[in-house]
Each structure stands twice: as structure tokens, then as C-alpha cells.
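These notes are about the structure you will find just below.
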Amino acid sequence: MNKSNYVSLSGTLVKDAIIKKNDKGSDYVLFTLSVPQIGTKWYDYINCIAFNENAAIIAKSPLKGTSYRIEGRIHTSSFDKNGKKHYSTDVVAEKIEMVNRND
């Protein structure tokens, strides 16, 4: 993994993951992790995406409240919708591990 664009997160699914297939039939999963900010009572909500084998890990337990540890990279994109430009920043999960809430 390229360490110049490296993200490591531990968090909990804030809603059930969305399992999809792309045009080529490969699985991918969209999910949002609630990640606690160190030293505060606040949380960040990080949009993530996982493909293929990593998508299968999330698909085994895609329910709200499940905790995961992920490593990946930040991916930015843009798209036009109704004539307006929209921007997106997501974490592409390249390594995923389900963890107990007490870990």
C-alpha cells in the first residue's frame, strides 16, 4: 500500500452497508463508519467503499453497529447532477477486519 496516501480507521457502521454490483458483475459495498475523535466526545462520519474480497468481508456482517478496523486510501471524485458539480471524498478500504466493540 502506498504510504503517502494511507488511512487507518476503527469505527462502527452508522447504518446498514449497501451491497451492489458494478457493470462487470463485481461486488462492491458502500458504508459509513462512525470514528471517535481522540480526546473528545465527538465523532467523524467517514464514507467508505470496498471492492471484491473486501466487499465480501463487509457483506458477511453489514448491519448498523458492527465494528471494523480498516486500512486504505483516500479517493476524491466529482460528478455532475442536475447541472451542478458535486464532489466526493471516500476511503477505499484495502484491508478490513471485523472487531469486537471491546477491542
Side-chain angles (χ1 to χ4, degrees):
M1 184 179 312
N2 181 350
K3 294 292 182 178
S4 63
N5 182 0
Y6 173 80
V7 175
S8 176
L9 301 170
S10 291
T12 304
L13 294 180
V14 297
K15 58 186 175 183
D16 294 354
I18 301 169
I19 302 165
K20 295 186 169 196
K21 286 194 180 289
N22 66 16
D23 295 339
K24 297 179 182 178
S26 297
D27 291 332
Y28 69 98
V29 177
L30 303 171
F31 59 101
T32 302
L33 285 181
S34 171
V35 179
Q37 294 179 5
I38 295 173
T40 73
K41 62 180 181 177
W42 302 103
Y43 289 82
D44 289 310
Y45 299 93
I46 311 295
N47 293 322
C48 304
I49 187 168
F51 298 96
N52 303 317
E53 301 86 25
N54 289 318
I57 293 169
I58 297 287
K60 287 179 186 174
S61 189
L63 303 178
K64 177 180 177 179
T66 306
S67 295
Y68 288 97
R69 191 173 296 129
I70 70 168
E71 294 179 16
R73 61 185 170 81
I74 294 174
H75 175 75
T76 59
S77 61
S78 64
F79 59 94
D80 290 316
K81 184 175 180 180
N82 300 327
K84 292 184 111 180
K85 189 98 165 178
H86 296 266
Y87 298 91
S88 171
T89 301
D90 305 293
V91 171
V92 176
E94 296 175 346
K95 182 178 176 185
I96 299 174
E97 177 185 7
M98 189 168 65
V99 294
N100 295 327
R101 289 181 184 245
N102 298 334
D103 284 354

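Computation of the quantities below employed the complete heavy-atom set of this structure, encompassing side-chain atoms and omitting hydrogens, waters and symmetry-equivalent molecules. We number each residue from 1, following the sequence as shown.
- Residue Ala50 comes nearest to Ala55 through the heavy atom pair O-CB, 3.5 Å, listed as atom of the first residue, atom of the second, then distance.
- Between atom CD of residue Glu71 and atom CG of residue Asn54 there is a gap of 10.5 Å, rounded to the nearest 0.5 Å.
- Ile49 and Leu9 are not part of a single hydrophobic cluster, where members link through side-chain heavy atoms under 4.5 Å apart.
- In terms of hydrophobic clustering, with Ile, Leu, Val, Met, Phe, Trp and Tyr side chains grouped at heavy-atom distances under 4.5 Å, Val92 and Tyr45 are assigned to different clusters.
- Here the shortest heavy-atom pairing between Ser26 and Asn52 reads CB-OD1, 3.6 Å.
- The heavy-atom pair separating Asn5 from Arg73 by the smallest distance is O-CB, 3.3 Å.
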Pair Val99, Ser10 - check side chain to side chain contact (heavy atoms under 4.5 Å, CB included), show working. CA-CA 9 Å; Val99 294; Ser10 291; over 6 Å; no
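- Pairing each heavy atom of Ser61 with each of Thr66, the nearest pair is OG-OG1, 3.5 Å.
- Put simply, NE2 on His75 and OG1 on Thr89 are 9.0 Å apart, with the number rounded to the nearest 0.5 Å.
- Val35 is connected to Tyr68 through a chain of hydrophobic side-chain contacts under 4.5 Å among Ile, Leu, Val, Met, Phe, Trp and Tyr, so both are in one cluster.
- Contact between His86 and Lys84 at its shortest, heavy atoms only, is CD2-O, 3.2 Å.
- Ion pairing between a basic and an acidic side chain is recognised when a charged N comes within 4.0 Å of a carboxylate O; Lys64 and Asp16 show no such pairing.
- In this pair, Tyr28 and Phe51 present their aromatic rings tilted. The plane angle is within the 30 to 60° band.
- For Asn22 (side chain) and Gly25 (main-chain N/O), a donor-acceptor pair under 3.5 Å exists by modelled atom type.
- Cluster membership for Ile19 and Leu33, using ILVMFWY side-chain heavy atoms within less than 4.5 angstrom, is shared.
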Side chain to side chain contact (heavy atoms under 4.5 Å, CB included) assessment of Thr76 paired with Tyr87: CA-CA 7 Å; Thr76 59; Tyr87 298 91; over 6 Å; no
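- Rounding to the nearest 0.5 angstrom, the gap separating the CD1 atom in Ile70 from the CD1 atom in Ile46 is 8.5 Å.
- Annotation: the span from Leu30 atom CG to Ile58 atom CD1 amounts to 11.0 Å, rounded to 0.5 Å.
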Taking it one step at a time, do Glu97 and Lys95 satisfy side chain to side chain contact (heavy atoms under 4.5 Å, CB included)? CA-CA 7 Å; Glu97 177 185 7; Lys95 182 178 176 185; 5.8 Å; no
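- Residues Ile74 and Phe31 share a single hydrophobic cluster, defined by chaining ILVMFWY side chains whose heavy atoms lie under 4.5 Å apart.
- One side chain, Thr12 or Ser67, offers a donor N or O that lies under 3.5 Å from an acceptor on the other.
- In the displayed structure, Lys85 atom NZ is contacted under 6.0 Å by more than 12 heavy atoms of other residues, nucleotides or ligands.
- Side-chain polar atoms of Gln37 and Asp44 form a donor-acceptor pair below 3.5 angstrom.
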